[in-house]
Structures are given as structure tokens and as C-alpha cells.
Amino acid sequence: MPELPEVETIRRGLSTLIVGKIVQQTHNYGSPKSFPNTSADVRQFLVGAAVSDVKRRAKALLIELSSGYTLVCHLKMTGQIIVVSDHNRWGGGHPSDSFIHGLPDTTTREHIDFTDGTRLYFNDLRKFGWMKLYPTLEVPNIDFMRKLGPEPLESAFSASNFIPRVRRRNGTSIKAAVLDQTVLAGVGNIYADESLWAAKIHPACKVANVPDEKLKVLLNEVKTVMRLSIEKGGSTDKNYVNAEGKKGSYLSFAKVFRREGQPCPRCGTTIVKTRVAGRGTHLCPQCQSL
DNA sequence: CACTTGACCTGTCCGC
DNA sequence: TGCGGACAGGTCAAGT
């Protein structure tokens, strides 16, 4: 569920909450793999290191350390990263911050303690997410990173760059192509549906049948939708929260996602939910004809 | 090679 | 009420 806007929201939170803090210890809650303290020789680059920066690439968080290592985190579907300060931990927090008061909970996989008493929780109900240490210089070369397409919000990523990339997937549906992280990075199911609706393209339409002009519109809509969502703190469908444990409000601005049975905001036709590219897909059958 | 489907997990919701 | 099954959707591996 965390897509680009959600991960970017977490990144912004982390950069104010943990940059400059020093790792004191880590604790694993019995999760078998994919966590940094499974190997002592790697863990030495975590404990004692200061957080120097927090970056994002696609849907991955990059927590850079003064040791020359980077903690790379992918939240997949249900991952959360929540930072709790001493202030909250000892009862000074706001009563509405129930996530914070309930931690750790049954979904907690790992926590990292900083020397000032701040604690970072990595929660993941479905255990698809991972957190791994890599030498910072090698991060761009790890398999997951090398295959990624451009960041949609980089101004240099224009239609002239996007169109040939999508055309490599001419044989598949436009939705599958937009979800393909090698075409462009960071779009997931929510923002694929939203941007295809905005561009008036049927998600099941073959890429080959979408004219360049429409692909150009689509890229612009992807950018617009992503920017709005970041502004709204991302989408909370079920369990996404930001680094302070708070929900995002983008879904109240969504036009089709999770709105099956409701009228299309553009033409009033009832929004339907179908299956495209193996995913639940929301669309307006009037605006988005095949 | 290009593309699609299933696996990875666990909680929730729906129908019987 | 309880139970089984479908579903949620990011990414990789396996299958067509």
C-alpha cells in the first residue's frame, strides 16, 4: 500500500525525527530474515552510527549512516515506520495517537533505539517488507535499485522520455505498464487508477492503442496526482501511517479508488470495480472507454 | 523474450 | 456463531 507519496511522507517525517541521532541498539522481535541485526558483522555498521540523511528511491527508504552504510527499507503492503520520542513513550503524548501508545504491538518486527531515547519501530502485519544494510556506495547497484525507471516527480522526466519507455510494453495493458517499476518508479494501484481516470484512459487498453498525445496527458496526471497526495500526507486505506503514526487524507480526494457504486465526479456514471493486470481496478465506464 | 500468474503473509469481510 | 474462501496489493520467481 505505501506508494511513492506515502513513502515520501514518511521520509520527510524521518528527516526531522532521526537525522543526527546515534544508534544505540537494535532489537528483533523474532522475524526470521530481512532485518539488519541478523548478522553481527553487518550490524557493527549500524550500532554507534549517526543518521546522516534520509532519502527515497521509488517506494524504498534509504536511511544513510555515518558509518558509510545505508539501511534500505521497503514497506511493501503493510509496513510502517513509526518514531517514538521519550516524550511520548513516558506518557506525554496526545491521547489520539493510539498507534504510538500501543507500541510495540503484534506486528512489530524490529526496533532501533537511539542514544537520546528515541525509538524507531518497524511494523509489518503481513511480513512482506524488509530492512537491509548495504554499503552506501553499493546501494545504486543492488538489483532492486538498478532496474527502477525514473522518478515521476523529477522535472527532467518528460513525455519525450516517458513515451519510449512505456512503448516497450506495447503488448500489455496501460495499467500493467504504469505499475511496472522499470517504466517509471513509484506508482502503485491507487495512483494508477487515479491517474488513468484523470487522463480518460481505460486501464485495460493496450499500450499500443494509446496515442502519444494521451500518454503525454497520462504522465502529467501521474505527476499531479502524486503531488496532491504528498500534500495530503498520502493515502490511508487500512494501516498506512506516517513516521509520527498519523494517517494520510488523500483518499478523501480520490476520484475512483474505492469508490465503486458512486457517481463519477466528471460525468455521473456509476464507477465500477473490475480486475486488470491481476489487480482490483476502479474506473468510469463512460469516461474511460476502451 | 514478453507477458501473466502464483507465492509470499495475515487480517477482514462475505456468504452459507 | 463458526467456517471457508476470496480479497487486499508490492515484488519476485515461476510458468505460458
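Scope of the values below: all heavy atoms of this structure, side chains included, with no hydrogens, waters or symmetry mates. Residue numbers begin at 1 in each chain, while the letters A, B, ... track the order of the sequences.
- Distances shown here put a side-chain N or O of His74(A) below 4.0 Å from the OP1 or OP2 atom of dT11(C).
- At least one test fails for Arg259(A) against the ring of Trp197(A): distance under 6.0 Å to the centre or angle within 45° of the axis.
- Arg279(A) contributes no side-chain N or O that forms a donor-acceptor pair with the base of dA8(C) under 3.5 Å.
- Backbone-only contact: Lys273(A) has heavy atoms under 4.0 Å from sugar-phosphate atoms and none from a base.
- Of the candidate nucleotides dT11(C), dC9(B), dC3(B), dC3(B) has the atom lying nearest to any side-chain atom of Arg169(A).
- Here the nucleotide nearest the side chain of Arg126(A), chosen from dG10(C), dC12(C), dA8(C), is dA8(C).
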Q: Please report the C-alpha distance between Gln25(A) and Asp113(A) in whole Å, then the side-chain angles of each, then the deciding distance to 0.1 Å, and finally whether the side chain to side chain donor-acceptor pair (under 3.5 Å) criterion is met.
A: CA-CA 5 Å; Gln25(A) 60 177 354; Asp113(A) 281 329; 3.0 Å; yes
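- For Thr172(A), the side-chain atoms get nearest to dT4(B) when compared with the rest of dT11(C), dT4(B), dC8(B).
- A close approach under 4.0 Å does occur between a side-chain nitrogen or oxygen of Arg275(A) and OP1 or OP2 of dA8(C).
- Candidate nucleotides dG10(C), dC7(C), dC12(C) were compared by shortest atom distance to the side chain of Phe144(A), and dC12(C) ranks first.
- For the pair Glu3(A) CD and dG10(C) C1', the interatomic distance rounds to 9 Å; values are reported in whole Å.
- In summary, the side chains of Ser229(A) and Tyr191(A) do present a donor paired with an acceptor at a separation below 3.5 Å, with no hydrogens or angles considered.
- In this structure, Arg12(A) pairs ionically with Glu8(A), as a charged nitrogen and a carboxylate oxygen lie closer than 4.0 Å.
- Nearest to the side-chain atoms of Gln181(A) among the listed nucleotides dG10(C), dT11(C), dA8(C) stands dT11(C).
- Comparing Phe128(A) and Gly278(A) by the nucleotide of DNA chain B whose heavy atom lies nearest to each, the residue mapping closer to the 5' end is Gly278(A).
- Paired regions of DNA chain B, where each region holds three or more successive Watson-Crick or G-U pairs whose two hydrogen-bonding distances fall under 3.5 Å, are B:2-8 with C:10-16, B:10-16 with C:2-8.
- For Arg168(A) and Asp180(A), the salt-bridge test fails: no basic side-chain N is under 4.0 Å from an acidic carboxylate O.
- Of the candidate nucleotides dC7(C), dT11(C), dT10(B), dT11(C) has the atom nearest to the side chain of Lys76(A).
- By the neighbour-count criterion of 12 heavy atoms within 6.0 Å, atom NZ of Lys55(A) is sparsely surrounded, having that number or fewer from other residues, nucleotides or ligands.
- Two rings, from Phe128(A) and His74(A), have their centers 6.0 Å or more apart.
- Of the listed nucleotides (dG10(C), dG11(B), dT12(B)), dG11(B) has the atom at the smallest distance from the side chain of Leu125(A).
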